[in-house]
Chemist: 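Got a structure here, written out as C-alpha cells. Questions coming.
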Amino acid sequence: MAGDSSSQNAALVAANLHFPGVERIVQDKASSTAGPPSSRTRAKCQTLPTALGTLPQPGQEYDGDGVLTEAFCILQIRWGELDVQCEVEWGSRPSGETSWVDLSAILGQQHAHLFAQFYASLLKKERALSLQEMDGMPSPRDIMNIAGRENFDFHFEKGESIPEWARCFSYRTFVGLVRRWDKQRSKLQALEVAKQKAQTRKAKTQKGNNLKLKTESKK
C-alpha cells in the first residue's frame with residue numbers, strides 16, 4: 001500500500017485520519033498530499049492535535065469530575081442497563097435538540113433543581129401518570145438514593161456567595177416531591193387492587209349465574 005496513493009488516501013478517509021504519520025512531526029498540513037484536497041484545504045484553518053492527528057469533533061462539555069457543564073433541562077428519566085439515563089434538551093444548541101445521557105454525568109448539586117422541576121411537572125394533575133408509568137421509571141426517592149443525599153441537601157456558610165442554581169432549590173421541597181410521589185403511587189396501587197377485586201367478584205358472580213342457568217335448563 002505504501003506505493004499506492006489512492007488506496008492509502010481511501011484508508012485515511014475511512015479512519016477519519018487527516019494528518020497521518022511523519023507529517024504530524026513536520027506540522028505542515030498545507031503541504032500535505034494525504035487525504036482529499038477539500039479535507040486538506042479545510043484543515044489549514046484548524047489546529048490539529050499532534051498526538052492523534054484527527055480533526056477536533058464538537059461534543060459535550062464536562063468538568064473535572066465528569067459532570068456536564070453545558071446548559072440543559074430534563075425531559076425524561078428511565079432505567080438503563082448499567083445506569084439511570086436522562087433525556088435532556090440542550091439550552092445552547094438548536095431548539096429541540098435532545099440526547100440521552102447517563103445519570104452519573106449530570107449528578108451534582110448544581111443540577112438538583114432540574115430534577116425537582118422534572119418531577120414537579122410529572123405530579124401536576126393535568127399530567128397525571130398511571131401506576132404502570134410510575135413503576136416503569138425511577139422515582140424521586142430512587143434518584144436521591146442513587147445520587148446521595150449530599151447532592152440534594154447542601155448548605156452555604158454565612159456570607160458565602162450563593163449561586164443562582166442554589167436559589168432555585170431546597171432540600172425540603174425535594175423531600176416533599178418524594179412524599180407526594182410515594183403517596184400518589186400508593187393511591188393508584190390501592191385503586192388498582194380495588195379494581196382487580198371488583199373484576200374478580202364480577203367474574204365469580206357471572207360464573208354463578210351461568211351455573212344457575214345451566215342447572216335450570218336441565219330441569
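Residue numbers run from 1 in the order of the sequence given.
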Chemist: Name all residues meeting the side-chain hydrogen bond (donor to acceptor under 3.5 Å, both in side chains) criterion together with Gln199; count only those two or more places apart in sequence or in a different chain, and write none if there are none.
Modeler: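 With sequence neighbours excluded, Gln199 shows a side-chain hydrogen bond (donor to acceptor under 3.5 Å, both in side chains) to no residue whatsoever.
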Chemist: Is a side-chain N or O of Asp153 found less than 3.5 angstrom from the main chain of Arg149, in a donor-acceptor match?
Modeler: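 No, because the side chain of Asp153 does not come within donor-acceptor range (under 3.5 Å) of the backbone of Arg149.
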Chemist: Should we say atom CD of Glu160 is surrounded by more than 12 heavy atoms from elsewhere, each under 6.0 Å from it?
Modeler: yes
Chemist: What's the spacing between Leu103 CG and Trp79 CH2 if we round to 0.5 Å?
Modeler: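 Atom-to-atom, Leu103:CG and Trp79:CH2 are 9.5 Å apart.
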Chemist: Same cluster for Leu82 and Leu107 if Ile/Leu/Val/Met/Phe/Trp/Tyr side chains link at under 4.5 Å?
Modeler: no
Chemist: Rounded to the nearest 0.5 Å, what separation is found between the CD atom of Gln132 and the CD atom of Glu192?
Modeler: 9.5 Å
Chemist: Quick check for you: to the nearest 0.5 Å, what is the distance between His111 atom NE2 and Ile74 atom CD1?
Modeler: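 If we round to the nearest 0.5 Å, His111:NE2 and Ile74:CD1 are 8.5 Å apart.
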Chemist: More than 12 foreign heavy atoms under 6.0 Å from CZ of Arg78: is that the case here?
Modeler: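 Buried by this count: over 12 neighbours within 6.0 Å.
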Chemist: I'd like to check Leu114 versus Phe72 (side-chain heavy atoms, cut-off strictly below 4.5 Å). Are they in contact?
Modeler: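 Yes; the side chains approach each other to less than 4.5 Å.
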Chemist: I want to know whether Phe115 and Trp165 have ring centres closer than 6.0 Å.
Modeler: no
Chemist: Rounded to the nearest 0.5 Å, how far apart are CD of Gln196 and OG1 of Thr200?
Modeler: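 Between Gln196 CD and Thr200 OG1, I get 7.0 Å after rounding to 0.5 Å.
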Chemist: First locate atom CD1 of Ile106, then atom CD of Glu70, and finally report the distance between them rounded to the nearest 0.5 Å.
Modeler: 12.5 Å
Chemist: Hey, what's the ring geometry for Phe169 with Phe174, parallel, tilted or perpendicular (30° and 60° as the breaks)?
Modeler: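 Phe169 and Phe174: tilted rings.
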Chemist: Would you compute the distance between atom CD1 of Ile77 and atom CD of Gln85 and round it to the nearest 0.5 angstrom?
Modeler: 11.5 Å
